[in-house]
Amino acid sequence: MRNVVLTATMVAASLAAGLVSPGLASAADRGPSFTFALLGDTPYGEAQEAVFPQLVKDVNAAKDVRLVLHAGDVKSGSTSCEDAHLTATKELYQTFDDPFVLTPGDNDWTDCHRAAAGGFLPTERLEAMRRIFYPVAGRTIGGHPMKVETQARDRKHSDYVENTRFTEKRVVFATAHVVGSANGLAPWNELPGGDRPELRLAEYEARKAAALDWIDGTFDAAERTHAPGVLLMLQAEPTASDGFTEIRERIVERSRAYGKPVLLVHGDEHVQEAEPNYAGVPNLTRLETFGDTASQWLRVTVKPKSPTVFSWEQRTVPAA
């Protein structure tokens, strides 16, 4: 973990000491607010699938929560990528009372070449992921689906039904399909017959181009509407490494120019943490979800009239 990272435990200590940090709510904050549940990398395996209904119950009981966001990886990398498993997980997500917004993770399709996951061709599993979790373009899943803008309406990027955008309390929310395993560049070396480099690289380039356009469109929309903040959700942190370089540079560039609070949400690493001043941009904060657990989630509140706009707190699911 980087020394600059502010973990949730450190956040609590800062509050107790009376310190103010980016992303923390102040008692002086006033005005209308919007609260959502943030998850990621769950459920992993049979044990978490068995207790996941308790997490759903806890989120549903939080009357102020109006939306559920999931930052990708609907399964572990060593469990089956078959339709039946994906469909069963989707049905778990359907039990949330609120709209459920999901961005795909690497375990969900690009890592499906692994023998333990079934040895599937990743591009075929990506199509299955879209078919199962995005059955109606421009509508979420969840107990009460909501309409969202989708990149599938763009003829240039019509495959990318999973890239979505919506506005709540004037704050612009968007998902962009950016995953772990080097953003899908990692070789598919467990496929029968070995890697498919031409197919893998073509998929990566097309998805990267779509994500860059969607990120630009998100900030364009925020600037056009004078939005007080932007939330951008990816599955993986866009580190300064192969597979992520252009995505990271675009987010940094657009966030700096925007000048208002930007919350970059992701999962993948299974360590809940926050990092203000991300990549040296004062208004950009990175927030990572809990992962590999069905007993914790983040309660995130959006206050458009607050200087920091976004605040969050850890939630632990009560034992059954």
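Sequential numbering from 1 along the given sequence is applied to the chain's residues.
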- Note on the structure: Result for side chain to side chain donor-acceptor pair (under 3.5 Å) between T175 and one of T218, T103, T164 points to T164

- Is the number of heavy atoms from other residues, nucleotides or ligands within 6.0 Å of CG (N189) greater than 12? yes

- Contacts of type salt bridge (Lys or Arg N to Asp or Glu O under 4.0 Å), residue E223, not counting sequence neighbours: R254

- Please check if the side chain of Q151 supplies one atom and the backbone of A210 the other of a donor-acceptor pair under 3.5 Å. yes

- Query: Are the side chain of T301 and the backbone N or O of S311 linked by a donor-acceptor pair below 3.5 Å?
  - Reply: no

- Qualifying ring pair (Phe, Tyr, Trp, His ring centres under 6.0 Å) pairs with a residue from residues 196-239, counting only residues at least two apart or across chains: F219-Y258

- With sequence neighbours excluded, tell me which residues meet ring pair (Phe, Tyr, Trp, His ring centres under 6.0 Å) with Y93. F52, H70, F100

- Item | Set of residues satisfying salt bridge (Lys or Arg N to Asp or Glu O under 4.0 Å) with respect to E127, sequence neighbours excluded | R130

- Query: Is the shortest heavy-atom distance from the side chain of T89 to the side chain of E91 under 4.5 Å?
  - Reply: no

- Task: Please collect all ring pair (Phe, Tyr, Trp, His ring centres under 6.0 Å) contacts where either partner lies in residues 141-177, sequence neighbours excluded, each pair once.
- Result: F34-F173, F36-F173, W109-H177, F166-F173

- Task: Verify, without hydrogens or angle tests, whether S181 (side chain) and N183 (backbone) share a donor-acceptor contact under 3.5 angstrom.
- Result: no

- May I ask you to decide if P187's main-chain N or O and D195's side chain share a donor-acceptor pair within less than 3.5 Å? no

- Task: Could I get the full list of side chain to side chain donor-acceptor pair (under 3.5 Å) partners for D108, not counting sequence neighbours?
- Result: none

- Message: List the residues meeting salt bridge (Lys or Arg N to Asp or Glu O under 4.0 Å) with K208, not counting sequence neighbours, and say none if there are none.
- Response: E205, E246

- Item | Residue pairs passing the side-chain hydrogen bond (donor to acceptor under 3.5 Å, both in side chains) test where at least one lies in residues 47-59, sequence neighbours excluded | Q48-D292, E49-H85, D58-W297

Contacts under 3.5 angstrom, residues 131-139 side chains, donor-acceptor by atom type, not counting sequence neighbours:
| unit_1 | atom_1 | unit_2 | atom_2 | d |
| --- | --- | --- | --- | --- |
| R131 | NH2 | D83 | OD1 | 3.3 |
| R131 | NH2 | D83 | OD2 | 2.5 |
| Y134 | OH | L102 | O | 2.6 |

- Task: Answer yes or no: is there a side-chain heavy-atom contact under 4.5 Å between P197 and R200?
- Result: yes

- Message: Salt bridge or not between E313 and R315? Use side-chain N to carboxylate O under 4.0 Å.
- Response: no

- Side chain proximity check, N60 to F96, heavy atoms < 4.5 angstrom: yes

- Residues passing the salt bridge (Lys or Arg N to Asp or Glu O under 4.0 Å) test with D64, sequence neighbours excluded, are R299

- Is M146 reachable from V171 through a run of I, L, V, M, F, W or Y residues, each pair having side-chain heavy atoms under 4.5 Å apart? yes

- Note on the structure: So the disulfide bond (SG atoms under 2.5 Å apart) pairs with at least one residue in residues 83-167 (sequence neighbours excluded) are C81-C112

- Item | Contact check, side chains of L298 and Q314, non-hydrogen atoms, under 4.5 Å | yes

- Task: State which residues pass side-chain contact (heavy atoms from CB on, under 4.5 Å) with K156; sequence neighbours excluded, sorted by chain then number.
- Result: D154, D213

- Closest heavy-atom contact between R170 and P228? O-CD, 3.3 Å

- Message: Using only atom types and a distance under 3.5 Å, with no angle test, would you say the side chain of E190 pairs donor to acceptor with the backbone of A115?
- Response: yes

- Side chains of L263 and V302 in contact at under 4.5 Å (non-hydrogen atoms): no

